[in-house]
Structures are given as C-alpha cells and as structure tokens.
Amino acid sequence: MEVNEIVNSILLKQHDTSANLDDILNNLRILRNLCARGCNIQSQIASNEDFQQFLQNLLFAKAPSNIDESIPQLQKIGWQLMANIIVNNEETQAMVWRNHGNNILQQCMDTEKTLDRNVDVMLMIVYNVMKPTSGESLVQLPLVLKTILFVWHSILEQKCSLQFDFLHFIFEEFLVKDGRNTIKCYAQLTTTERLTFLDYLLNYLRQDSPNGTVHTFILQHISKEFKIKSDCILRVASLQEVDKMKPQEAYALLQCIASASGSEYYSQLYATDHSLFLNVSSLLRCLVSASKESSNTIFSPMNKLEEVAPTSTVPADYQSEISFELKTLLVRCIANLLYNNDTNKGYCLDTQLMPALFECTNMDARNPLMKEWSILAIRNACIGCPEIQQVIANLTKQGPAHNEILTELNLDMGSLRINPGKQ
C-alpha cells in the first residue's frame, strides 16, 4: 500500500463505529516504520493536514469516543510515529512543530499527568526541533527550559524510576553547550524554577559531570548570583513571607559552588574568583559571631544531646531549615578555595578568618562534617604559608575544649565513666 492509502484508511476508520481498532493501530505502526525509508515519506505524512488533525485529536486527549478504550496504546504508537516523522528532516520538523509544538510542551507540563514513557518521546521531538543544522531554532528556549524543569521536578515529586534520556540530552544543551543563552533563560525563571534548575545542576556536578563540563559562563553566573544574594541568608528571620524563597536560592547556589569548587574540572575557575572567597569568608565570620551572641537562633550550634533527643524542645524539622549544613558548606568552600592558593591565603590573614575556622572544629548536629571540613581548611591554609603557621604556633594551650556531649556522657580522655548512682 502507498503512504496516502494507509493514511486515508486511518482517516476513514476513525469515524466508523464498526471499524476494527486493531486496523488503525496496525496502520499507525506501518507508517511509523515507513518513516525510516527517507524524507519523501516523512514529508507525505507531515504535509497531510487531515492526518495531522487526527494526531492532534489522538495525542492531546480529544480522541473520538469510539476509540476511548484504546487510547493508551494508540497514543503510544502515535507519539512514536510523530517522532519518526521529524528525524533528520528540518522540513517536517517545521511542519510538526507548527501544528503541535505548543501542545507538546503543555502536555509535558500537565500537572495531572503521571509520568510515562510517552514523555520521553515528546522530549525527543523537542530535542530534535531545538537542534537545527541550519537556520534558527524553531523553539523558544526559555519555554523549553521551563518544560524540562517541570519534568525534573515531577520525577522527584512522583519518585519516578523511569529513565528519561532525552530530558538529560536537553539539559546537556543548556548546561554544557550554550551557556550564554542559558543565563538569559535563567533570568526569566521564577524562584521556584531556579531552585529546580540548581537542584539538577547539583545532581549533575555530584555525578562528576557525565555529559561534559558545565559551561564557564554558567559557573561564573552562579558565583555572581551568590555574591549578590548571600546577604539575605543572615536576614532570613526578618524577611517577609514573599521573600522567604530568596535565602533558599542563595543556599542552593552555595551548594553548587561547594561541589564545583572541589572538582578537578572547575577548581581553577573558582580559584581565581577571589571576591567569592572574600564573600564566603565574610558570611562564615558573621554566622560564627551571630551564633555566639545568642543561643536561641537557627544558626546556634546544636552540641547537646538533649537538643537532638526525641524529647528536645528544638523543632524536629531543623534539618529542613536554611541553617542546616550552612556552615559546613561555607567551610567546605573555604577549604577548596584555599588549596594551593596564595592569594586567598593572604586574604585569610587580612580578614582574620582563622579564628572563625577554629570555632568550626567543634561538633554541631546542625552542621554535620563541619569539624572535618574545618580541619581540612586549616591544613590547606597552613601549607606553604609560614604566616598562618605562625598564627597557630602562637596559640596557647588551655586544656581540652569544652564539649557538652562529652560532658553529658562523662567521657574524659577517651574513657567512659559510669556513675553508679543510688541503689
């Protein structure tokens, strides 16, 4: 059968209540497979306006009532057919996107939809259309970025275990290949969308940048954004409800910087960003100072057993607060930025940062691993810097540092004393 005959057969049977739906399904499969024969067949299918209307009705939940029960299987093959129509064919890409582009993006962002395999096929279509070999992209990049951020958020929210390869391919375009446009798109995102973007970026960095290194422009922009917004972290308690998301964005930016600055791929980029080191150092000193001034803030150390016990008066959700791991992240950044960096070591001396790092060597349930990162930061500061070594050499030993947890457990010099108590 010719392509036009198969198409006409489908169009006739869609209105025939007595038609065998398996025939429509088989014909869709035939068309899907015929697309592999070349551009001519793709163009015949894409240029048939009646057939495109059929796909519109089928794929976007407007199917005739007589095929309602078979919608899932028909839609699956329909999406595969649409994807095959546009492969390596810019002419059909333009036709399909003109007819269905907006609906495809809206379908990906359907808030009532449970993610399924069709979503990745939709993203395959988006990916192909946004990568023309000649001319300009047919898609609006800000809208595409919003779409994939919605899908990523849905994956996390639904705890979906399906693999969406084309989601990651599109993210690769934004993170690795087109940093300048990505920054422009980022500026158009809502704060919630930015948090999702930074969540994906952090996940990407933690996986050691599997699809290529993140574009320099993006990493520089993240540093710039953090330096602009970091001060709101200190004002989190006084912010109006409408501004409560801003400290979370600054925190997410810091997480990405902490991860990237310790990577062999990006460490040199941040090593020359000395204003970042000064900003992070200043924020740490302010937090250490604030935690000393009051024992009843979200930044106060939690180093008593009674504070983490089930009967504690400290809110049980303290791990969800902006302060959780905040000092740890700052000390981690400082440790990374001090490594083999004489300029930052000089700033470390000039700004009196060392006392703040010493303060961070205590255990704090609010900042897990802070002690370990602070020891590394002090080590990195000392290597090759006699001036900082002298600062430590001039310290006077006054005995073991006071620790509430060790006191409560009656621990002394590594031994456990058990008081017999009353019988």
Side-chain angles (χ1 to χ4, degrees), residues 1-17 19-108 110 116-140 144 147 164-166 169-170:
M1 293 177 66
E2 296 291 335
V3 170
N4 288 335
E5 291 181 50
I6 301 172
V7 168
N8 290 333
S9 174
I10 293 174
L11 295 176
L12 287 172
K13 290 179 180 179
Q14 68 171 321
H15 300 299
D16 185 357
T17 56
N20 187 339
L21 298 180
D22 287 341
D23 290 342
I24 297 178
L25 189 60
N26 289 332
N27 283 333
L28 286 174
R29 286 196 179 102
I30 293 171
L31 288 178
R32 178 195 63 186
N33 297 337
L34 283 175
C35 288
R37 295 189 179 182
C39 295
N40 184 47
I41 290 178
Q42 290 174 311
S43 297
Q44 288 184 58
I45 301 172
S47 61
N48 189 308
E49 294 184 4
D50 291 334
F51 186 69
Q52 292 304 311
Q53 185 60 53
F54 165 78
L55 288 178
Q56 176 87 0
N57 295 337
L58 172 64
L59 299 180
F60 304 108
K62 295 179 181 178
S65 58
N66 67 308
I67 61 172
D68 279 353
E69 294 181 359
S70 301
I71 283 179
Q73 186 64 16
L74 286 167
Q75 286 185 329
K76 176 183 176 181
I77 304 302
W79 280 118
Q80 292 173 358
L81 169 59
M82 185 179 287
N84 285 2
I85 290 173
I86 68 169
V87 173
N88 296 325
N89 190 327
E90 291 190 19
E91 179 186 2
T92 56
Q93 288 172 8
M95 293 179 188
V96 167
W97 196 255
R98 184 178 64 249
N99 287 319
H100 310 294
N102 288 336
N103 285 328
I104 290 173
L105 295 177
Q106 290 175 10
Q107 190 85 334
C108 288
D110 186 351
D116 56 31
R117 295 289 184 186
N118 291 339
V119 172
D120 203 42
V121 181
M122 297 179 213
L123 294 176
M124 174 189 174
I125 296 170
V126 175
Y127 177 73
N128 278 276
V129 175
M130 72 180 289
K131 284 176 56 64
T133 55
S134 61
E136 295 184 0
S137 173
L138 299 170
V139 302
Q140 294 180 312
V144 172
T147 300
F164 298 93
D165 292 330
F166 283 92
F169 293 158
I170 297 175

D110 meets the salt bridge (charged side-chain N to carboxylate O under 4.0 Å, His left out) criterion, sequence neighbours left out, with none
Closest non-hydrogen contact found for F51 with L11 is CA-CD2, 3.9 Å
Main-chain N/O of I86 paired with Q93 side-chain donor or acceptor, under 3.5 Å: yes
Taking the side chain as everything from C-beta on, heavy atoms only, tell me whether I30 gets closer than 4.5 Å to N27.
yes
- Just wondering, do I45 and C35 contact through their side chains at under 4.5 Å, heavy atoms? yes
Any non-hydrogen side-chain atom of I104 less than 4.5 Å from a side-chain atom of F60? yes
Side chain to side chain donor-acceptor pair (under 3.5 Å) pairs touching residues 40-51, sequence neighbours excluded, are Q42-N89
dist L123:CG -> T147:OG1 (nearest 0.5 Å) comes out at 8.5 Å
Interatomic distance, CG@N84 vs CD1@I41, rounded to 0.5 Å, equals 11.5 Å
_I want to check something: taking the side chain as every heavy atom from C-beta on, are L25 and L21 in contact at a cut-off of under 4.5 Å?_
no
Can you tell me if CG on N102 sees more than 12 non-hydrogen neighbours from other groups inside 6.0 Å? no
Does any N or O in the side chain of Q80 come within less than 3.5 Å of the main-chain N or O of Q75, such that one atom is a donor and the other an acceptor? no
Output for pair (K76 NZ, R29 CZ), nearest 0.5 Å, gives 8.0 Å
Between the CD atom in Q52 and the CZ atom in R98, the distance rounded to the nearest 0.5 Å is 9.5 Å
So D23 and I10, do their side chains get closer than 4.5 Å, heavy atoms only?
no
Tell me, do F54 and L28 make a side-chain contact under 4.5 Å, heavy atoms counted? yes
### Message
I'd like to know whether I77 forms a side chain to side chain contact (heavy atoms under 4.5 Å, CB included) with R32, so could you lay out the CA-CA distance, the side-chain angles of the two residues, the decisive distance to 0.1 Å, and finally the verdict.
### Response
CA-CA 8 Å; I77 304 302; R32 178 195 63 186; 3.5 Å; yes
Review point. So, N118 side chain and W79 main chain: donor-acceptor pair closer than 3.5 Å or not?
Key: no
>> Tell me whether the count of non-hydrogen atoms from other residues, nucleotides or ligands lying under 6.0 Å of CD in Q140 goes above 12.
In response: no
On a heavy-atom basis, the closest approach of L59 and M82 is CD1-CE, 3.5 Å
Pair Q107, M122 - check side chain to side chain contact (heavy atoms under 4.5 Å, CB included), show working. CA-CA 8 Å; Q107 190 85 334; M122 297 179 213; 3.5 Å; yes
Is the closest side-chain heavy-atom distance between M124 and V87 below 4.5 Å?
yes
Rounded to the nearest 0.5 angstrom, the CD1-CG distance for I24 and L74 is 6.5 Å
Sorted by chain and number, sequence neighbours left out, ring-ring contact (aromatic ring centres under 6.0 Å, His included) with F166 holds for Y127, F169
| Can you find a pair of side-chain heavy atoms, one from N99 and one from Q56, that are under 4.5 Å apart? | no
Rounding to 0.5 Å, atoms CD1 (I85) and SG (C39) come to a distance of 12.5 Å
